Amino acid sequence: MIRINDILDQIHSYMPDADTSLVEKAYVYSAKVHAGQMRLSGEPYLSHPLAVAYILAQQKLDLSSITAGLLHDAVEDTLSTIEEIEEMFGQDVARIVDGVTKISQINFQSKIQKQAENIRKMILAMSKDIRVLLVKLADRLHNMRTLQYQKERKRIKIARETLDIYAPLASRLGIDWIKRELEDLAFSFLYPEEYQELKQEVEARLGARKAYVEEVKEIISKKMAEYSLSCRVLGRPKHLYSIFRKMRRQNVSLDEIYDLIAFRIILKTVTECYEALGIVHSLWKPVPGRFKDYISLPKANMYQSLHTTVIGPYGERMEIQIRTEEMDKVATEGIAAHWLYKEGKILKKDQQRQFEWLKRLMEWQKELEDPREFLESVRMDLFPDEVYVLTPNGEIKEFPMGATPIDFAYSIHTEVGHHCVGAKVNGKMVPLKYQLQNGDVVEIITSKHHKPSRDWLKIARTSRARARIRQWIKTEEREKSLALGKDLCLREFKKHRLDFSSFLKEDAEEVASSLSFKTVDDMLIAAGYGKISPSQIVRKYVKIKHVEDLEEAMEQQEVQAQSKTRKPQGEGIQIQGHDDIMIHLAKCCTPVPGDEVIGYITRGRGVTIHREDCPNVTSLEPDRKIEVTWTTDDGVNYPVMLNVVTADEKGMLAAVSNAISAAEANILEAKVYTSPDNSAHFTFVAEVRDSTHLKKVISGIKKVNGVMRVDRQTSV
């Protein structure tokens, strides 16, 4: 357990003359308010704020940040208030603590909404003071280090959020060591078997290649010395999650990953970096297309380095990074390498670019009301791979990898995006799905008669473009649904010989309010979407008008209709406030009990249930998504599709089938084909009771000798 003296010693290592009385006062206060509280690990709760403060001190942050680290949970978990914190420790500390404090006092409709609103608040706070994020990252890092004490479901939820939000945030700030540790910790909880297996294999290979690493380092050092270049040469293994991600992205085994070790050459000046690059390329043949110059074009987090991949001394690919000492410090420590808040300083003009992404996040939190859209935009905007393209006037614009002319058009202006009909790249016409490359000169062609297409959502990569396209579609859909809702209600009113025009003039507002709609238009749009039925509107209307004969007749019709309604397919699903809606389980992702799910209102087919991680969910209209939950439904089985890759050996089909049967799952269908690389690919459709049963099936398959990979497919 970290102690206060450890923190004070760390502070004095980089601020020898610092007055640490505020930090010591915060320690005493934190110990007092957290007295008697325990963590799930059995340690006193105080161990957590102490660990957070120590992580901040390791980054050589200012005293306000470290004080806030000691107090970051005081408001949320004790009777302390922000006003009390401000009175005792000052406005600076109070602002940071308030920004880190979760919104725990508000009741949200769903977990997604709560997560989105917490992140919104954090973004607002860190836009005013980036130290909020640094304290939050330290908090998340220590929580991840002790995540094993949480229940499995919560472990998975926190690890997923860490991988999607907090590791990319650390990357955006350039704090590489925190990003690497967060990714590896999340990997270990999300994919425990794959993590342990990969860890053992990588450690074994690195142990066997120590001599190779030393040999390459010596070759580089001697060659640089021949040209009078003084340098340090390092050989560092890539972290496990980056290896795992590369294996998945390229669909290759560990045997096919040649650059497990990245070599780094650290010199004194930028000129020496380019000299060293020429020497390396004269020593070993460079791999075409694998050179990146991040010195002349730094990443958004101010990362600078030269990257090249060469064919090494034994015919293997080697990645080599070349940078100065200062660049290496920034690459590891990020913003903390040249701490901007020492003595109250704020961002300098030449450092503003590092926070362009934060401005974009601010835009999304203002514009996107739907929590899923907002979270998707945050995730998309945080992933760090970028391309740099030019406008015809020579202005540099930065986009995520895979961005298209659609993204470029919306980056200029919303109207340019809406009316985009084509694009010229380097003077030649390209399709709108063309993926922009570094150095491209892009010109957008527009037509005032052209409108966005829903298909653009499939090719747009930036949050800005996707948000603008969705906004346009939403407006169009709203107008169509309003017209459809009016038409459906008119027919329903005529059916019961009621005057729809009179209803709109006199009673519509009262009916809309009683059905929890803000306006009459919102009620009619909901009818057009299928969220409510026109008969519900009529029923509420006749109740308000006290048309007793008609009300009684409608109730009899409803009873007769319910008696004829067949049992819905998704009988294990509950929709809050509705018990008479037809439910279908989506075939694109085949959800089972235990999966996080979302409902989508379809026209004429009730509600379709998707897994929340289903790729199709992002393209669905937010207004037609609803919260749904699983109910206990013993005895019902659900189909899932499993892809299994094994060695191409005799008896593998029988062995895998037996493993599935042993896990008490019924096989509905099985397909098999072999590939030239001596592997066999099986596709099974099996019935399982819930996600726990599914994990048992997958675990059983993985234990079969010869099985290399098992994945749950998103389509049956």
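Note that this is a predicted model, so its numbers are computed, not measured. Because only heavy atoms are used, hydrogens play no part in the values below, and waters and symmetry mates are left out as well, while side chains stay in.
- With salt bridges taken as basic N to acidic carboxylate O contacts below 4.0 Å, one links D176 and R236.
- Between the D690 side chain and the T692 main chain, a donor and an acceptor come within less than 3.5 Å of each other.
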Test side chain to side chain contact (heavy atoms under 4.5 Å, CB included) on T162 and F189 and set out the steps.
CA-CA 11 Å; T162 299; F189 291 110; over 6 Å; no
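- Between K292 and E319 there is no salt bridge, since no side-chain N of the basic residue sits under 4.0 Å from a carboxylate O of the acidic one.
- Salt-bridge check for D613 with R712: failed, with every basic side-chain N at 4.0 Å or more from each acidic carboxylate O.
- By the 30° and 60° cut-offs, the orientation of the rings of W630 relative to Y638 is perpendicular.
- Between S699 and E193, the shortest heavy-atom distance links the atoms OG-OE2, 3.7 Å.
- Heavy-atom minimum distance, E183 versus R245: OE2-NH1, 3.7 Å.
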Take I406 and I469, measure what side chain to side chain contact (heavy atoms under 4.5 Å, CB included) needs, and give me the verdict at the end.
CA-CA 10 Å; I406 294 290; I469 295 164; 4.1 Å; yes
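- Atom-to-atom distance recorded for R290:CZ and H307:NE2 is 10.5 Å, nearest 0.5 angstrom.
- A perpendicular orientation is assigned to the rings of Y600 and H610, their planes being inclined by more than 60° (bins at 30° and 60°).
- Salt-bridge annotation for K157 and E596: absent, with no side-chain N of the basic residue lying under 4.0 Å from a carboxylate O of the acidic one.
- A salt bridge is defined here as a Lys NZ or Arg NE, NH1 or NH2 lying under 4.0 Å from an Asp or Glu carboxylate O, and R180 with D184 fails to meet this definition.
- R461 CZ to L436 CG: the interatomic distance, rounded to the nearest 0.5 Å, is 12.0 Å.
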Mind running side chain to side chain contact (heavy atoms under 4.5 Å, CB included) on L190 and R160 for me, showing each step along the way?
CA-CA 7 Å; L190 289 172; R160 173 53 59 191; 3.7 Å; yes
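- Residues forming a ring-ring contact (aromatic ring centres under 6.0 Å, His included) with H239 (at least two apart in sequence, or on another chain): none.
- R611 places a side-chain N or O within donor-acceptor distance of the main-chain N or O of C589, the cut-off being under 3.5 Å.
- Between the side chain of S661 and the main chain of S657, a donor-acceptor pair closer than 3.5 Å is present.
- Across all their heavy atoms, L163 and A186 have their closest contact at CD1-CB, 4.0 Å.
- No donor-acceptor distance shorter than 3.5 angstrom exists from the side chain of H48 to the backbone of E43, with no hydrogens or angles considered.
- A salt bridge links K695 to E152: one of the charged nitrogens lies within less than 4.0 Å of a carboxylate oxygen.
- Between L137 and L182, the shortest heavy-atom distance links the atoms CD2-CD1, 4.4 Å.
- In terms of modelled atom types and a separation under 3.5 Å, the side chain of D407 and the main chain of T404 share a donor-acceptor contact.
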